[in-house]
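Below is one structure, written out as structure tokens; the observations come after it.
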Amino acid sequence: MDVNEKTINDVFRNRVKKYGDRLAIEKKINGAWKGATWNEYYERACATGLGLYSLGLRKGQMVSILSENRLEWLYTDMGTLGIGAVVIPVYPTLVSEEIQYILNNSESKVIVVENKTQLKKVIDIVDSCPSIEKIVVMEDNDAAGHEKVISFNTLMEMGRKKYKEDQVLFEKLAKEVNSDDLATIVYTSGTTGLPKGAMISHGNVFWVVQSLDNISPHFASDKDCTVPFLPLSHVFERIAGHFYGMYCGITASYAESIDTLLADFEEKRPTMILAVPRVCEKVYQKIIAQVKEQSPFKQKVFYWGQKVGKRISELREKHKTIPFWLQLKYKIAYAAIFKKLQDKLGGRVTWMTASGAPTAEEIIRFFNAAGITVIQGYGMTECTAPATMQSMADYRIGTTGKPIPGMDIKIAEDGEVLLKGGNVIKGYWKLPDETRDAFTADGYFMSGDIGMFDDEGNLLITDRKKDLIITSGGKNVAPQKIENMFKSDPLFTQFIVIGERKKYLTGLCNINPDEAARLAKEADITFNSPTELLESPKFLDIVQKHVEKSNAHLAKYESIKNIRIVKNDFSQEGGELTPSLKLKRKVVLQKYKDLIDDMYGKEAVDELYAKK
């Protein structure tokens, strides 16, 4: 690669010169693929960037994006970075109140939204967002409803007009951006639930893509293609997928939706897949469910083949010779079982990630046996996604791999993982105290995770120092925010959110007997004591309505799907509370394991974790 490249702007410009009219990106919409060559990609990003410049955006000012994955997302990203402005990715699942906080905290001048659904969220709160000057809507037909609204096409027309006036302006502005300039602010939930804006510089981004490219063997080349489906608003997809993919010259065919994923895989036949554990789990679950519908003989063949595949995976992991007799068995098992998995993913996948949350060993070995190396890693928003990464030639299942090239990781006396490197952020936006508290005196970022290195230098994450929950889909959830919301309802005296490594969130709660009695009387439910109400279907319906009421103020991934009532109040005597009346999460999880398992009983993947 060009040694003069210092920012992703330089990378973009150089790849366009190199690949020209070759397909760069495409997106499936309503069953049809719409794409852009590298030249078209650059022209549209230039038009978007100069359109924003025409609206008054200048270097260092903020542009928010509220959308699912679309080509316009990419045009806005590269156009904004190209004029030296800063991109604020906003999850499309967030509710209006959360969007309002991010817009006001970042002081965004412009927000680019996908459609009328996202537009409504912004219109509902725009009068409380004084910094917002324009709302740009990607869908032309939805660009109405407020005086600040314009369409994305109008924005690009403004940019093309500006380009005619000054054809070197975009390139000039892009070249003026340096490594220390802010590229993006990514809001991440803290344990208090208040989002913190991680300030990621152009230097952070470029450091990561170079570090990943220095891992041998290389993860990617310009002969590879991928079908991205993780949201671009997530730092992992944007850095390791979008920017690293651009660095390598990969062709990216963005999936229509998670529901069409397997069909899109089969059609575009990716050579690599960026995924979170939940995707691996869903594919595996689907296969296991199909097996259970087969005849006893076919089930026997499957489980035999799975055992052979596991042994093959173990030997490959340890770089040991595979005996001839086992190779013969594996050929039979591959033809009968594992080839079907490969075919479902397009038939050409050599590796895939399962990052962002722990993955069951049984699932990883199943994919590995199919010839798909599952790459695990460790990282967070504050280190611009990766800190450690397994390689295709060197991996140990159950670990997160070795530090990526240039990364300095050490373990504190209390076991906390400490990080230092060119990928680590300088701090949190407008939060000097939190920034200071996040680093050690010698400049290491305190991850909040507990870990250790094995004898080969692979990092194992053994616990979470913070209470932040990571779902099996890789979503970071701050439980205290949700718990405080539920406890603001007089019906609940205690509420604890469950969901680590789970598909969805659930809760355990204590009920206020006085409020329960009051609500029961209002609903004409007869009872002798409030305790009896906890068994009453009519009263439990009332409880469910209260859950739904709180869920309405939460993002979809934060909502509580199921609850169980603990009849005895959490207490110091019972071991659930500290002397300062704080919940002991581990005690609650262990003590009420049966109730928790009951809420997730139908999830096959949880059975796997239990076996593990």
Side-chain angles (χ1 to χ4, degrees), residues 64-70 73 88-106 108 111-126 128-129 185-198 229-238 257-259 276-279 356-357 380-381 466-489 492 495-507 544-563 599:
S64 287
I65 306 176
L66 177 63
S67 171
E68 301 284 356
N69 292 354
R70 290 179 61 125
W73 209 112
I88 315 294
V90 183
Y91 273 106
T93 53
L94 296 187
V95 296
S96 293
E97 292 90 338
E98 294 168 312
I99 296 167
Q100 178 181 330
Y101 175 82
I102 291 173
L103 294 182
N104 285 337
N105 185 258
S106 65
S108 291
I111 180 166
V112 180
V113 304
E114 181 177 12
N115 51 29
K116 61 184 177 184
T117 301
Q118 303 299 346
L119 176 62
K120 184 181 185 305
K121 295 180 187 177
V122 176
I123 289 178
D124 286 347
I125 49 96
V126 69
S128 302
C129 301
I185 298 177
V186 179
Y187 282 82
T188 179
S189 295
T191 53
T192 61
L194 186 67
K196 295 184 289 187
F229 57 91
L230 300 177
L232 283 161
S233 47
H234 192 291
V235 70
F236 177 59
E237 178 59 50
R238 187 154 167 245
S257 71
I258 198 74
D259 296 326
V276 292
R278 184 59 195 154
V279 175
M380 57 189 59
T381 303
K466 302 175 183 178
D467 291 330
L468 199 65
I469 290 171
I470 300 182
T471 67
S472 64
K475 290 283 189 184
N476 285 4
V477 179
Q480 289 182 17
K481 165 192 161 184
I482 302 170
E483 290 160 359
N484 289 338
M485 178 179 290
F486 274 88
K487 285 190 288 186
S488 68
D489 183 331
F492 303 104
F495 200 98
I496 181 169
V497 175
I498 315 294
E500 185 72 13
R501 300 193 301 179
K502 305 296 187 185
K503 180 182 176 182
Y504 50 81
L505 301 184
T506 59
Q544 183 59 35
K545 287 177 182 176
H546 280 250
V547 172
E548 291 167 2
K549 184 178 178 181
S550 291
N551 279 343
H553 299 284
L554 297 168
K556 187 176 180 181
Y557 69 86
E558 295 175 315
S559 61
I560 301 298
K561 297 292 189 295
N562 208 340
I563 67 163
M599 291 189 284

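Residue numbers count from 1 along this sequence.
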[Y] backbone acceptor or donor facing [X] side chain under 3.5 Å:
X      : Y      : value
Glu558 : Ala555 : yes
Ser550 : Val547 : no
Glu483 : Val497 : yes
Glu98  : Val95  : yes
Asn562 : Thr506 : no
Thr471 : Tyr504 : no
Gln118 : Val113 : no

Just do the side chain to side chain contact (heavy atoms under 4.5 Å, CB included) check on Val112 and Ser67 with the steps written out, would you?
CA-CA 8 Å; Val112 180; Ser67 171; over 6 Å; no
With side chain to side chain contact (heavy atoms under 4.5 Å, CB included) as the criterion, how do Val90 and Tyr187 come out once you've worked through the C-alpha distance, each side chain's angles and the decisive distance to 0.1 Å? CA-CA 8 Å; Val90 183; Tyr187 282 82; over 6 Å; no
Restricting to non-hydrogen atoms, name the atom on [X] and the atom on [Y] that form the minimum distance, rounded to 0.1 Å.
X      : Y      : value
Gly507 : Ile560 : N-CG2, 3.9 Å
Ala198 : Thr381 : CB-CG2, 3.7 Å
Gly197 : Ile185 : CA-CG2, 3.5 Å

Rounded to the nearest 0.5 Å, what separation is found between the [atom1] atom of [X] and the [atom2] atom of [Y]?
X      : Y      : atom1 : atom2 : answer
Leu66  : Ile102 : CG    : CD1   : 9.0 Å
Ser233 : Asn69  : OG    : CG    : 7.0 Å
Ile258 : Glu68  : CD1   : CD    : 10.5 Å
Ile65  : Ile111 : CD1   : CD1   : 9.5 Å
Cys129 : Ile99  : SG    : CD1   : 9.0 Å
Glu97  : Lys121 : CD    : NZ    : 10.5 Å

> Is there side-chain contact between Ile125 and Leu103, with at least one heavy-atom pair below 4.5 Å?
Replying inline: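 Ile125 reaches Leu103 side chain to side chain.
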Answer whether the closest heavy-atom distance between the side chains of Arg238 and Pro89 falls below 4.5 Å.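 Contact flag for Arg238/Pro89 side chains = yes.
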Do other residues, nucleotides or ligands put more than 12 heavy atoms under 6.0 Å from Lys561 NZ? yes
Parallel, tilted or perpendicular: which describes the rings of Phe486 and Phe495, with under 30° parallel and over 60° perpendicular?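 Plane angle under 30°, so parallel.
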Notebook entry, point to check: Does the side chain to side chain contact (heavy atoms under 4.5 Å, CB included) test come out yes or no for Thr188 and Val235, once each step is laid out?
Noted result: CA-CA 10 Å; Thr188 179; Val235 70; over 6 Å; no
Problem - Residue pair Phe229, Glu237: steps toward the side chain to side chain contact (heavy atoms under 4.5 Å, CB included) verdict - result: CA-CA 8 Å; Phe229 57 91; Glu237 178 59 50; over 6 Å; no
